[in-house]
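This report refers to the structure that appears directly beneath it.
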Amino acid sequence: HFESYNLEKYIDIFWKGIYLHKLAELTVKVPESTPAAALDFEYCSTANFHLMPPQFSMDPWFKVKSIILTVKKRFLPPGVFSFMPYLKFADLSETELEILPDRAFTGCSNLEEVLLPDTMYSLGPDAFSMTSIEKLSLPSSLVFIGARCFASSLITEIEQKSIPKIIKTRAFEGCYNLRAPLAIGPETVLSTQTYAGCTSLTELDLENYRVVPSSFFVGCVNITKVII
């Protein structure tokens, strides 16, 4: 837990490898003074964590399980937490993020819980694609869900506090555990193949749909009831 250390100091400790072969769990609580450019954890597994050299990050004993951000920033870099194979919990609720960046959690195969701030109005493309997250509470200010946002994830249930204005293509493609589509309004802009392959969907209420786009529910082979 490195809440009180500055980044340069504890990254230097990391790189020297002091007892890291025994590390089983790491919680990173980033202080408010941290520059936004420093917040990129992608190299914790396979890609572009610019605070740590790749030969360090790819070592299998580096098992970050939880991340807590308290820095008051509005933006994070794309792929910031992607492909962190041991990450289970991420708390962003104390930040002032407005956009969850593209590929934010892509490939986090053990992800269980993510807390999002009320200031967030957009989930970027592939933000939760190929993750193991099953439940998520969406912020009350959310209006935009990017392409493939939850594609091929284990998402089962989504708690909504608002109606999205835009849902991009294939947002839930291959989410075979998803139990129900998102509630929408008459003005919600929809795209093609949003729920393609969502085989757990059994009932659809289309009363608020002005148009059902092409292949919107393609491959949803277990739908038995449709309300129009």
Side-chain angles (χ1 to χ4, degrees), residues 1-7 9-11 13-14 23-45 47-52 57 62-146 149-150 153-162 164:
H1 186 175
F2 292 106
E3 180 177 5
S4 60
Y5 287 36
N6 64 55
L7 286 177
K9 183 174 181 179
Y10 75 69
I11 293 304
I13 293 173
F14 274 11
L23 183 65
E25 182 168 352
L26 173 65
T27 298
V28 180
K29 189 170 184 179
V30 182
E32 185 173 343
S33 59
T34 305
L39 298 176
D40 190 345
F41 293 85
E42 194 173 0
Y43 251 155
C44 287
S45 174
N48 298 315
F49 185 29
H50 50 253
L51 294 179
M52 298 182 186
S57 61
F62 188 55
K63 301 178 180 179
V64 176
K65 292 186 178 180
S66 60
I67 291 177
I68 302 170
L69 295 187
T70 58
V71 61
K72 302 297 183 182
K73 301 294 182 182
R74 293 187 297 168
F75 304 101
L76 290 174
V80 58
F81 308 116
S82 62
F83 295 101
M84 295 177 68
Y86 298 98
L87 184 64
K88 291 186 176 182
F89 173 74
D91 185 355
L92 311 181
S93 62
E94 295 185 37
T95 70
E96 295 178 354
L97 290 174
E98 297 180 355
I99 298 174
L100 191 65
D102 301 5
R103 311 183 320 278
F105 292 97
T106 292
C108 292
S109 55
N110 281 295
L111 191 63
E112 295 178 357
E113 184 178 6
V114 176
L115 303 180
L116 301 174
D118 289 335
T119 53
M120 186 169 290
Y121 65 83
S122 174
L123 302 181
D126 287 292
F128 292 98
S129 64
M130 298 185 289
T131 65
S132 59
I133 194 165
E134 295 182 4
K135 295 183 180 181
L136 185 68
S137 179
L138 299 181
S140 56
S141 55
L142 189 75
V143 296
F144 180 90
I145 297 176
C149 185
F150 293 91
S153 71
L154 298 183
I155 193 70
T156 300
E157 182 180 342
I158 294 180
E159 179 186 349
Q160 288 182 255
K161 300 174 185 176
S162 63

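These numbers were taken from a predicted model, which means no experiment stands behind them.
Side-chain contact between L92 and L100 is present, with heavy atoms from C-beta onward closer than 4.5 Å.
For N110 (side chain) and P85 (main-chain N/O), a donor-acceptor pair under 3.5 Å exists by modelled atom type. Remark: the backbone N or O of T106 is not paired with any side-chain donor or acceptor of T131 at under 3.5 angstrom. Side chain of S132 to main chain of S109: a donor-acceptor pair is present (N/O by atom type, distance under 3.5 Å, no hydrogens or angles).
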Could you walk me through whether F128 and L154 pass the side chain to side chain contact (heavy atoms under 4.5 Å, CB included) check? CA-CA 10 Å; F128 292 98; L154 298 183; over 6 Å; no

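Residue pairs that meet the salt bridge (Lys or Arg N to Asp or Glu O under 4.0 Å) test with at least one member in residues 108-130, sequence neighbours left out, are D126-R148.
In this view, K161 and S137, S140, E159 satisfy the side-chain contact (heavy atoms from CB on, under 4.5 Å) rule, not counting sequence neighbours. Residues passing the side-chain hydrogen bond (donor to acceptor under 3.5 Å, both in side chains) test with S93 are D91, sequence neighbours excluded. Shown here are the side-chain contact (heavy atoms from CB on, under 4.5 Å) partners of T156, two or more places apart in sequence or in another chain: E134, N177, R179. Qualifying side-chain contact (heavy atoms from CB on, under 4.5 Å) partners for L138, counting only residues two or more places apart in sequence or in other chains: L123, L136, L142, I158, Q160.
Nearest heavy-atom pair, S162 versus P139, reported as atom, atom and distance to 0.1 Å: OG-O, 3.7 Å. Between K65 and L87, the shortest heavy-atom contact is O-CD1, 3.6 Å.
In this structure, the separation between CZ on F83 and CZ on F105 is 13.5 Å, given to the nearest 0.5 Å. Rounded to the nearest 0.5 Å, atoms CE (M130) and CZ (R103) are 10.0 Å apart. The distance from atom CD1 of I67 to atom CZ of F89, rounded to the nearest 0.5 Å, is 10.5 Å. Note: L76 CG to D102 CG = 12.0 Å, rounded to the nearest 0.5 Å.
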